[in-house]
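No experiment lies behind these values; they were computed from the predicted model shown. So you know, we letter chains A, B, ... as the sequences are listed, proteins then strands, and number each from 1.
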Amino acid sequence: MSLGAEFYERAVLDVARELIGCVVEHEGLAGMIVETEAYHESEPACHAFAGITPRTRVLFGEPGGAYVYRSYGIHALLNAVCEPAGVGAAVLIRALEPLTGIEEMRARREQASVRRGCLRDEDLCSGPGKLTQALGIELRHNETSLLDGPLAIRPGRGHPPEVVVGTRIGIAKAVELDWRFCAAGSPHVSRPRPRGVASRVREWDLS
DNA sequence: CATGGGATTGACT
DNA sequence: GTCAATCCCATGC
């Protein structure tokens, strides 16, 4: 069962943190969310900061909507619209740990890669553009519903991962906000990793 | 209508 | 470390 509107209709920082450990699913392909970022109309890094435009209206729409936009002319980035309708806010899904359909994900990712057959599991969904490519998420999913649409986000199983907080990636404004959330220790988080997520070097590896 | 700038990635020096 | 690819849309004339 997908997360309901009441899950998304809350403070975007709470949603971003609690989405860590949840599962994104599309066409039978699924991965656990290990990295998110929060965006809110009150700060200039958020697309909704510009107000309601044809591009941003979905951000001000019903919580639980999907905001998918093209980045750098190439990549589709997936966001979950949050907060009550009328407030422009969303959580950017930045990385997944692949769970189901891993070989299908690898095939989709290697289509665009020059080096084939070399992609590790950690290379499949460790970035916002990578995960949409791996799961087949495209611009046509913009303004669809995460509650009952082709894209679904479900609660995770077991206890949720420990979460590490850091600053957001790849933005020029409001860079100081600690609005990035990562599953502690996960090798599927994108780079650069915040402190506390860096892979540990065992002592016997040093010499 | 023309222009400019990205919530990135992969390849290369 | 640097750099180009490439499309949508916000902005300004």
Side-chain angles (χ1 to χ4, degrees), chain A residues 8 12-13 15-17 19-20 24 31 33-61 65-83 87-96 98 105-144 146 151 153 164-182 187-194 197:
Chain A
Y8 298 101
V12 68
L13 286 174
V15 179
R17 175 184 290 272
L19 276 175
I20 301 297
V24 178
I33 299 172
V34 294
E35 181 181 353
T36 62
E37 285 177 0
Y39 288 88
H40 188 271
E41 63 179 34
S42 62
E43 45 87 15
C46 182
H47 293 168
F49 186 74
I52 301 180
T53 69
R55 180 198 201 188
T56 65
R57 82 183 157 167
V58 59
L59 290 169
F60 294 87
Y67 170 46
V68 184
Y69 75 98
R70 187 165 302 291
S71 174
Y72 292 95
I74 302 174
H75 310 285
L77 269 54
L78 170 65
N79 299 253
V81 174
C82 296
E83 309 240 357
V87 179
V91 173
L92 170 67
I93 312 298
R94 282 194 58 91
L96 307 176
M105 294 184 197
R106 201 185 318 276
R108 293 182 190 222
R109 291 272 295 122
E110 287 181 351
Q111 265 189 332
S113 177
V114 173
R115 301 173 69 96
R116 309 202 168 193
C118 303
L119 290 182
R120 302 162 299 160
D121 289 2
E122 308 89 78
D123 299 321
L124 300 180
C125 299
S126 54
K130 297 178 185 178
L131 72 91
T132 54
Q133 186 183 26
L135 268 64
I137 298 169
E138 302 168 6
L139 292 195
R140 61 190 173 85
H141 294 105
N142 189 39
E143 298 191 82
T144 61
L146 298 171
L151 286 172
I153 303 183
V164 178
V165 178
T167 56
R168 297 177 294 184
I169 303 298
I171 56 173
K173 301 163 188 166
V175 294
E176 72 284 357
L177 299 177
D178 282 332
W179 285 12
R180 181 191 187 201
F181 302 90
C182 298
H188 302 277
V189 166
S190 70
R191 296 177 184 252
R193 296 181 181 157
V197 195

* Below 4.0 Å: OP1/OP2 of B/dG10 and any side-chain N or O of A/Arg109 -> yes
* A/His75 side chain, from C-beta outward: closest of B/dA7, B/dT8, C/dA5 -> B/dT8
* State the CZ-CD1 distance between A/Phe60 and A/Ile52, to the nearest 0.5 angstrom. => 5.0 Å
* Write down the distance between CG (A/Leu92) and P (B/dT8), rounded to a whole number of angstrom. => 7 Å
* **Distance, nearest 0.5 Å, that separates SG of A/Cys125 from CZ of A/Arg106** => 10.5 Å
* Structure fact -> CD1 of A/Ile93 to CD1 of A/Ile153, rounded to nearest 0.5 Å, is 5.0 Å
* To do: Could you summarise the pairing of DNA chain C as dot-bracket text, marking Watson-Crick and G-U pairs under 3.5 Å with ( ) or [ ] inside the strand and | across strands?
  => |||||.||||||.
* **Spacing between A/Tyr69 atom OH and C/dC9 atom C1', to the nearest angstrom** => 13 Å
* **Interatomic distance, A/Asn142 atom CG to A/Arg70 atom CZ [nearest 0.5 angstrom]** => 11.0 Å
* Can you find a heavy atom in the side chain of A/Glu83 that is under 4.5 Å from one in the side chain of A/Glu41? -> no
* Side chains of A/Gln133 and A/Arg108: do they bring a donor and an acceptor to under 3.5 Å? -> no
* Structure fact -> Value for CD (A/Glu37) from OG1 (A/Thr167), rounded to nearest 0.5 Å, stands at 8.5 Å
* A/Leu139 vs A/Ile74, nearer the 5' end of DNA chain C by closest nucleotide -> A/Ile74
* To do: Could you state the atom-to-atom distance from CZ of A/Phe49 to P of B/dG6 in whole Å?
  => 14 Å
* Worked verdict on A/Leu135 versus A/Leu96 for side-chain contact (heavy atoms from CB on, under 4.5 Å) -> CA-CA 10 Å; A/Leu135 268 64; A/Leu96 307 176; 4.0 Å; yes
* Could you state the atom-to-atom distance from CG of A/Asn79 to C1' of B/dA7 in whole Å? => 7 Å
* Measure from the side-chain heavy atoms of A/Leu77 and tell me the nearest of C/dT6, B/dT9, B/dA7. => B/dA7
* Structure fact -> Rounded to whole Å, the CG-C1' distance (A/Asp123 to B/dT9) equals 12 Å
* Would you say whether A/Tyr72 stacks on C/dA5? The test is a distance between ring centres of less than 5.5 Å and an angle between planes of less than 30°. => no
* Determine, for A/Glu35 against A/Arg180, whether the closest basic-nitrogen to carboxylate-oxygen distance falls under 4.0 angstrom. => yes
Can you pull every protein N or O that's under 3.5 Å from an N or O on nucleotides 10-13 of chain C?
| from | atom 1 | to | atom 2 | distance (Å) |
| --- | --- | --- | --- | --- |
| C/dA10 | OP1 | A/Thr53 | OG1 | 2.7 |
| C/dA10 | OP1 | A/Arg55 | N | 3.1 |

* Does any non-hydrogen side-chain atom of A/Lys173 lie less than 4.5 Å from one of A/Phe49? -> no
* Any side-chain N or O of A/Arg94 less than 4.0 Å from the OP1 or OP2 oxygen of B/dT8? -> yes
* Out of B/dT9, C/dC7, B/dA7, which nucleotide sits closest to the side chain of A/Lys130? -> B/dT9
* Separation of A/Arg57 atom CZ from C/dC8 atom C1', in whole Å? -> 15 Å
* In whole angstrom, give the distance that lies between atom CD of A/Glu143 and atom C1' of C/dC9. => 14 Å
* Calculate the interatomic distance between A/Arg191 atom CZ and B/dT8 atom C1'; express it in whole Å. => 15 Å
